[in-house]
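To keep things clear, I will list the structure first and then write my remarks on it.
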Protein chains: 2
Amino acid sequence: MATDPAERATDWLSTAGLRPTRQRLALAELLVGDGQHRHVTAESLFDAAKTDGASVSLATVYNTLRAFCEAGLLREVTVDGARSYFDTNTTDHPHFFWEAEGRLSDAPSEELELKRVPDAPEGAEIASVSVVIKLRKT
Amino acid sequence: MATDPAERATDWLSTAGLRPTRQRLALAELLVGDGQHRHVTAESLFDAAKTDGASVSLATVYNTLRAFCEAGLLREVTVDGARSYFDTNTTDHPHFFWEAEGRLSDAPSEELELKRVPDAPEGAEIASVSVVIKLRKT
DNA sequence: TTAAATGCAAATCTTTTGCACTGGC
DNA sequence: GCCAGTGCAAAAGATTTGCATTTAA
């Protein structure tokens, strides 16, 4: 298990068989460099890259996020209709969505229990189960 | 309880205190006229209205759906990032989403049990819990 | 060398908005 | 008559796409 951010990024890409280009490595490092899970939007990742001094176009951020998703490295989380969020934790788990700030965070999954999930109808299988808990400031 | 579609639509609007304009009545009748729950997008409702011979602009469909939502007559369901769906069933309940067709339908809620839901963090309350089960053809 | 990836700008798609007009109350 | 509701077209966001250029293998 790599501990160096750059190495983590490289490993992450190679497990999915994605070519480690400069842009992908920069984005991958921002996503998984410290080994922690993240929730990003295309825009937020683009800003982070700019702040980091990386040279990546917004279109490439979109295309790269989509490529990471298709490779199974990221999970797309849809929550407010306008923006898409991408989660580095690709397992099914619940999310909190802070309506006021438009921020997504993990909800403690131990505290949620789906006792039983409806069976998929004939001719279909369950691709994923998404649970989003919308929060409002009190 | 009204059994006539037009009457149902009128009642539905009046419970929310919304003025029964011609356009709203036409859309309301398409939504709740037969007493069954529906899942629509702005586009699909607009098409249905046109087919029905009703004269409503797309902008008005959007504005009206939003107004119905704010009045508590509809529940917005976000599922695929691109489009918003509106459900005439405003109670918290799970949905099936057919990825291939982009269609939303109710999942049998008796078969889903949230044993325990994570507590809302300090300073926040739970506004809603959304459960979407994505289906893929086998 | 060569197919894949990138950058940019333009295109697309969904949704909202500004403003003049219409119609419930 | 007043003010909410409507229609249209234009604007606003988010995301994708076309195409020429660059780059990893």
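None of the values given here were measured: they were computed from a predicted structure. Chain A is the first sequence line, chain B the second, and so forth, proteins listed ahead of strands; every chain is numbered from 1.
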Once you round it to whole Å, what is the distance between [atom2] of [N] and [atom1] of [X]?
| X | N | atom1 | atom2 | answer |
| --- | --- | --- | --- | --- |
| A:Phe46 | C:dT6 | CZ | P | 14 Å |
| A:Leu25 | D:dT23 | CG | P | 14 Å |
| B:Leu58 | C:dT17 | CG | C1' | 14 Å |
| B:Asn63 | D:dA9 | CG | P | 15 Å |
| B:Glu70 | D:dG5 | CD | P | 11 Å |
| B:Leu13 | D:dA4 | CG | P | 18 Å |
| B:Leu65 | C:dT15 | CG | P | 9 Å |
| A:Glu43 | D:dG13 | CD | C1' | 9 Å |

Using a strict cut-off of less than 4.0 Å between a Lys/Arg side-chain nitrogen and an Asp/Glu carboxylate oxygen, indicate whether B:Lys137 and A:Glu125 qualify as a salt bridge. no
Salt bridge or not between B:Asp92 and B:Arg75? Use side-chain N to carboxylate O under 4.0 Å. yes
Assign A:Ser84 to base, sugar-phosphate, or nothing according to its heavy-atom contacts below 4.0 angstrom with the strands shown. sugar-phosphate
Base, sugar-phosphate, or nothing: which does A:Arg19 touch, judged by heavy atoms less than 4.0 Å apart? base
Using a cut-off of less than 4.0 Å, is there contact between a side-chain N or O of [X] and OP1 or OP2 of [N]?
| X | N | value |
| --- | --- | --- |
| B:Arg22 | D:dT6 | no |
| B:Gln23 | D:dG7 | yes |
| A:Tyr62 | D:dT15 | yes |
| B:Thr21 | D:dG5 | no |
| A:Arg24 | C:dT6 | yes |
| A:Ser57 | C:dG7 | yes |

Pairwise side-chain contact, B:Phe68 with B:Leu31, heavy-atom cut-off 4.5 Å (strictly under): yes
Closest approach to the side chain of A:Arg66, judged atom by atom: which nucleotide of D:dA25, C:dG24, D:dT16 is it? D:dT16
Side-chain contact check for B:Ser55: nearest option of D:dG7, D:dT6, C:dA5 is D:dG7
Can you classify the ring geometry of A:Phe97 versus A:Tyr85 as parallel (below 30°), tilted (30 to 60°) or perpendicular (above 60°)? perpendicular
Looking at B:Val56, is its backbone amide N or carbonyl O close enough to the side chain of B:Thr60 to form a donor-acceptor pair, meaning the two atoms are under 3.5 Å apart? no
